[in-house]
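Quick notes on the structure that follows.
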Amino acid sequence: MMENAPDRFTIDQLNQREERAFYLMFKQYYPSIVLFANKLVHDNELAQEICSDSFIKLYQSNEIFAGLNNVKAYLFTVTRNGCKDAIKKIKNHPHPEALESEIFITEQEIQSELVELIYLSIEKLPGRCRRIFQMIFSGMSTEEIAHTLNLSISTVRNQKARGIRLLKKTILKERGFSASAVTISTALLEYLRSN
Amino acid sequence: MNQSIHRLSELSYKFLQEELTETESLELEHYLNQSEENRIFFNELTDRARINDDLEQLHKIDSEAIWNAVVKANPELKRGTVLSIFRPTLKYAAAVILIAALGGYWFLSRNKKMPVAKTETKQTPVNNDVAPGQYKAKLTLADGSTIILDSAKTGQLVQQGEINVLNKDGQLVYEKRGETNKVLYNTLSTSKAETYLTVLSDGTKVWLNSQSSIHYPVAFMGDVRKVEITGEAYFEVAPAVGKNGKRPFIVGVNGMEVEVLGTHFNINSYSNESAIKTTLLEGKIRVHSSASNTEKILTPGEQAVLQDNKIVVNKNVDVDAEVAWRFGYFNFNNADLKTVMRQLERWYDVNVVYEGKVSNDMELIGKIPRSMNLSQVLNVLQTQQVHYKVESHKIIILP
């Protein structure tokens with residue numbers, strides 16, 4: 001079902017290296033990959049470079065993947081190797097643990113995936129709705145938001161209600177599999193209701 | 001220790017990738033309850049300060065620069081970008097911190113007594129939380145004796161004629177040793193809060209939901225393979241060839257028969273549900289009602305609904321939601337309250353009572369792992385305006 005949505009990509013499309021599918025996949029997966037790289041190399045710019053390289057390697061490889069999870073696993077593997085190579089080139093890198101511990105690496109992978117989940121859920125809200133949510137989270141009251149955006153208070157309230165509905169849908173339904181998403185959404189909705 | 005941490009990581013990872021099997025979610029639960037070290041690992045992983053840092057980090061990242069470098073190496077990729085542009089990223093650090101603070105509970109909400117949301121308002125406290133159902137069942141042998149099965153017991157249980165009956169990895173498996181002419185029947189049954197998987201002698205796999213049973217010969221004889229079920233079961237029927245061509249597989253269920261040749265489908269025939277629903281995922285099946293002597297042929301994605309001896313074929317069915325239980329989830333897709341509650345009654349072995357005038361018009365949604373405790377499932381429903389209180393093994397629904 002989810003595969004039919006317009007912003008989804010299928011494994012077949014990726015295996016054929018379809019440009020559109022590849023781009024959509026990039027948008028979905030880059031947060032965890034770049035975060036993961038940064039956790040190993042502790043350098044934003046370097047992490048970005050390594051991240052680009054990983055997606056380039058994926059695009060240029062002849063690898064055929066059985067499922068989307070294999071694509072992600074491939075990205076993590078090439079990123080890890082990229083980080084190792086980069087660290088070796090740096091004299092006295094303060095964090096050489098990336099070369100040592102499998103557990104450490106796995107932990108960073110998991111951590112990156114979790115953050116990606118939170119990040120993408122909020123990102124999915126449509127323009128004005130997301131803007132209002134950002135303001136709510138920065139501590140602004142409904143009145144302040146209305147004033148800042150030059151909107152009526154009822155418009156802000158409507159957008160808020162709409163955002164809650166959408167968050168419910170995207171988090172509970174599409175991403176609803178994981179306990180983390182369920183928990184985040186529960187807490188989020190409770191918070192908004194009391195606000 | 002290292003070994004188990006690694007397994008734990010793997011399970012956590014799969015959990016995030018949304019591909020934990022039911023056995024694996026139980027395993028994950030087990031790990032978390034097993035040792036302090038595992039919990040520490042988990043706590044570290046989900047530490048709020050770390051998540052805050054990560055989210056802030058992510059906002060410093062220039063995703064366009066990353067993508068542009070990819071396009072520079074492969075110019076044809078530019079075409080993929082045409083249809084949309086990058087959305088501006090969240091700029092408010094405060095927002096990030098708050099989200100992280102709210103989200104900080106996540107995994108740990110799998111713990112036994114973890115309240116999910118942090119705001120004190122309107123949270124219903126759950127004193128005696130109810131653990132989810134387990135891999136457990138009762139096997140009744142041909143001579144009437146019974147064996148209690150669970151995932152811990154492994155190895156050969158008994159021999160029935162020329163068939164070895166084994167219990168391995170939480171599955172009941174029938175293995176043929178030789179030919180026989182004797183027909184022996186076994187029955188596998190689950191109570192509330194139990195589920196089990198069996199592999200019949202022909203290789204057909206049957207998942208049994210809670211409060212269900214399947215009655216079958218230990219070895220299939222003749223040209224037809226026939227079993228009887230009650231409650232809910234998911235079938236992956238193995239194709240088989242007999243002397244006279246293909247050997248059909250027939251499932252008898254309360255006055256209805258489902259005939260198949262090799263396919264995946266689910267039958268829900270609980271007596272407290274309004275109809276018998278047969279949902280086809282793969283292959284082809286024929287649904288026959290003996291009372292009205294009518295039949296319908298289903299193609300994948302269709303559901304036969306037997307109600308008052310009439311079979312109606314429903315073509316717009318959410319197949320994922322119908323069979324979610326077999327993959328370890330509740331999947332409510334605009335379900336009404338009472339339907340949801342009947343599922344909770346069966347899986348948590350609780351009673352649901354309705355106090356006052358409770359509206360059944362709600363359309364509830366949510367995909368929730370069946371390995372969660374009852375309170376966590378109820379919390380998800382609470383965000384959708386379901387009001388309740390819990391008293392030991394009783395859920396009281398309030399208006």
Side-chain angles (χ1 to χ4, degrees), chain A residues 1 18-24 26-27 30-31 34-35 38 44 47-49 51-52 55-56 59-60 69 72 102-103 106-107 109-115 117-119 122-123 133-135 137-139 168-169 172-173 176-180 182-191 193-194, chain B residues 2 5-6 9 12-13 15-19 45-46 50-51 54-55 57-58 60-63 65-67 69-70 73-74 76-77 79-81 83 87 89-92 94-95 98-100 102-103 105-107 109-110 116-119 121 320 329 365-369 372 376 379-380 383:
Chain A
M1 283 187 306
E18 273 183 25
E19 292 109 12
R20 178 77 188 151
F22 192 84
Y23 172 65
L24 293 174
F26 170 82
K27 283 214 299 185
Y30 89 84
V34 72
L35 251 187
N38 197 32
N44 254 342
Q48 293 190 37
E49 270 171 43
C51 180
S52 297
F55 281 94
I56 293 168
Y59 185 74
Q60 294 179 349
N69 295 323
K72 195 108 192 225
E102 282 293 315
I103 292 174
T106 313
E107 204 183 312
E109 282 185 17
I110 298 170
Q111 178 81 15
S112 309
E113 293 258 46
L114 281 173
V115 175
L117 180 77
I118 302 174
Y119 182 78
I122 296 295
E123 284 274 288
F133 265 71
Q134 290 161 356
M135 290 178 154
F137 292 135
S138 69
K168 256 193 206 174
K169 264 218 173 94
L172 283 183
K173 187 74 186 127
F177 263 25
S178 64
S180 56
V182 168
T183 313
I184 293 162
S185 57
T186 309
L188 203 63
L189 297 170
E190 269 303 319
Y191 169 80
R193 202 187 299 154
S194 64
Chain B
N2 272 1
I5 276 282
H6 209 74
S9 302
S12 317
Y13 189 74
F15 176 76
L16 283 168
Q17 296 285 333
E18 304 174 351
E19 56 173 24
L45 196 68
T46 55
R50 272 183 72 174
I51 296 158
D54 283 353
L55 277 165
Q57 203 65 52
L58 210 41
K60 286 185 199 145
I61 295 292
D62 184 350
S63 57
I66 301 176
W67 177 248
V70 178
N74 307 281
E76 72 274 21
L77 273 172
R79 272 178 298 194
T81 327
L83 289 175
R87 279 180 170 171
T89 50
L90 258 180
K91 296 259 159 45
Y92 296 83
L98 185 68
I99 294 281
L102 290 170
Y105 286 104
W106 53 22
F107 262 146
S109 68
R110 296 173 69 80
V116 176
K118 69 177 256 178
T119 34
T121 51
D320 287 355
Y329 298 97
I365 56 170
K367 243 175 183 172
I368 308 162
M372 282 186 152
Q376 296 168 304
N379 265 322
V380 175
T383 64

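Proteins get letters first, then strands, A, B, ... in listed order; numbering begins at 1 in each. Small disclaimer: the values here were computed from a predicted structure and weren't measured. Heavy-atom basis, side chains included; hydrogens, waters and symmetry copies ignored.
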- Message: Do B:Leu77 and A:Tyr23 have side chains that approach each other closer than 4.5 Å (heavy atoms only, starting at C-beta)?
- Response: no
- Are any non-hydrogen side-chain atoms of B:Ile61 and A:Leu35 less than 4.5 angstrom apart? no
- From CA spacing to verdict: side-chain contact (heavy atoms from CB on, under 4.5 Å), A:Val34, B:Gln57: CA-CA 10 Å; A:Val34 72; B:Gln57 203 65 52; over 6 Å; no
- Side-chain donor-acceptor pair under 3.5 Å between B:Asn74 and A:Gln60, yes or no? yes
- Message: So, taking the atom named CD1 in B:Ile66 and the one named CD1 in A:Ile56, what distance separates them when rounded to the nearest 0.5 Å?
- Response: 11.0 Å
- Query: Which pair of non-hydrogen atoms, one from A:Ser52 and one from B:Ala65, has the smallest distance, and what is that distance?
  - Reply: OG-O, 4.4 Å
- Query: Please walk me through it: do A:Phe55 and B:Trp67 pass ring-ring contact (aromatic ring centres under 6.0 Å, His included)?
  - Reply: CA-CA 9 Å; A:Phe55 281 94; B:Trp67 177 248; 7.8 Å; no
- Message: Nearest 0.5 angstrom please: B:Glu76 CD to A:Tyr59 OH, how far?
- Response: 3.5 Å
- Message: Restricting to non-hydrogen atoms, name the atom on A:Phe26 and the atom on B:Ser63 that form the minimum distance, rounded to 0.1 Å.
- Response: CZ-O, 4.0 Å
